[in-house]
Amino acid sequence: PGGLHSLWEFASVWTLARAGKIPKRDIVLVGSRDYWNAFLPQFIDAGITHNPIKPCYLNHEDGRPMVHFVDTTEEAMSIIGTAEHAREQHDVEDFAPKAVRDLEVLPAMMRKFKEAAVIYGGAGLRPEQAEYRFAETFGRLATCAKRTGGGPGAMEAPLKGAKQSATLDGQRREAINIILPSEQATNPHTDPEYTEQGETLEIRERMLMEKALCHVFVGGGTGTLVELFQVWQLMALGEIPERPIMVSPYYKDFVEAFKTEALRCDYLTDRTAGFVQVYESPEDMAAAANAVQRRRQKQQRAGNPSLHG
């Protein structure tokens, strides 16, 4: 069992294995079946219901479960000991040169961006789905700039909505795009003037977190779970400024159950648990983001222009 960092690591391994970036191996959650079962099934159920998570993500190709909940190391060893893994050669792309290039030009790339609501979510969301409409409505009603990863689904919806915003700031659409198998080009609602091209997922995450007014999460799968716990953990460590983390009702049961268990086990404090809040409607979430924007504007007029202030 563990807190924010453990969930970040678990989601990262699950996502990389699902995407074929690392070999697909058994993931064994050891130590307290009740702890993990208290909240992870809520996330998995929401993902399967709304489609960002497909049942095949939970199993190996032969149908065996990939994610295991066990109480003892003996149970874990029985799974590990009987696993028959092919000794295939797994080619791993060396991302270091790309990451170094991206970090070298990061300050220049960030100059064109301003403080914005950063929206995360599943690339597979479709316009007829409730989570897509939630993100689109938020994009229309929030009066601040919006920034996404520039791809389809949840990265497209708020930028589409932003075109109808009542303010010039609200119409500003920023994007950080990278080339992935599922994302070969930016979505049609990005603004080329405020779009940058990165080479790695890591640099996109870094650029999304920079100059964030708030972090908004709508429905997504394992990749979005990585982003949620990355932002939450880095904020708890003081590595990024404390900004509201706003999540849609898609995450309600999962987040509330995780907070309850993590607080009980002292993996969270009341303060760090409070970083994440669930908003039942896009109207309420947009109103909260607009209030954050007004506070930031007041700070800047008072002579505190830094986002880190």
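Note that the structure is a prediction, hence the values are computed from the model and not measured. Just so you know, these numbers use all the heavy atoms, side chains as well, and skip hydrogens, waters and symmetry mates.
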(request) Step by step, work out the ring-ring contact (aromatic ring centres under 6.0 Å, His included) result for Tyr35 and Tyr267. (result) CA-CA 12 Å; Tyr35 176 78; Tyr267 296 136; 5.7 Å; yes
Determine whether [X] and [Y] make a side-chain contact, defined as any pair of heavy atoms from C-beta on separated by less than 4.5 Å.
X: Tyr251; Y: Phe43; result: yes
X: Gln277; Y: Ile245; result: no
X: Tyr120; Y: Leu208; result: yes
X: Phe258; Y: Gln42; result: no

(request) Please confirm whether Arg126 makes a cation-pi placement over Tyr132, using NZ or CZ under 6.0 Å from the six-membered ring centre and within 45° of the ring normal. (result) no
(request) Check whether NZ of the Lys or CZ of the Arg Arg172 lies under 6.0 Å from the centre of the six-membered ring of Tyr194 and within 45 degrees of that ring's axis. (result) yes
Quick check: does any side chain N or O of [X] sit under 3.5 Å from a backbone N or O of [Y], one acting as donor and the other as acceptor?
X: Lys259; Y: Ala273; result: yes
X: Glu280; Y: Pro249; result: no
X: Tyr250; Y: Gly220; result: yes
X: Lys24; Y: Trp14; result: no

Is there a donor-acceptor contact under 3.5 Å linking the side chains of [X] and [Y]?
X: Glu239; Y: Gln230; answer: no
X: Ser248; Y: Glu131; answer: yes
X: Thr15; Y: Ser12; answer: no
X: Thr143; Y: Gln293; answer: yes

(message) For the CG atom of Asn177 and the CG atom of Asn187, what is their distance to the nearest 0.5 Å?
(response) 8.5 Å
(request) Supply the atom-to-atom distance Lys146 NZ to Gln171 CD, rounded to the nearest 0.5 angstrom. (result) 8.5 Å
(request) Considering only NZ, NE, NH1 and NH2 on the basic side and carboxylate oxygens on the acidic side, decide whether Glu210 and Arg206 come within less than 4.0 Å. (result) yes
(request) Decide if atom NZ of Lys252 counts as having more than 12 heavy atoms of other residues, nucleotides or ligands within a radius under 6.0 Å. (result) no
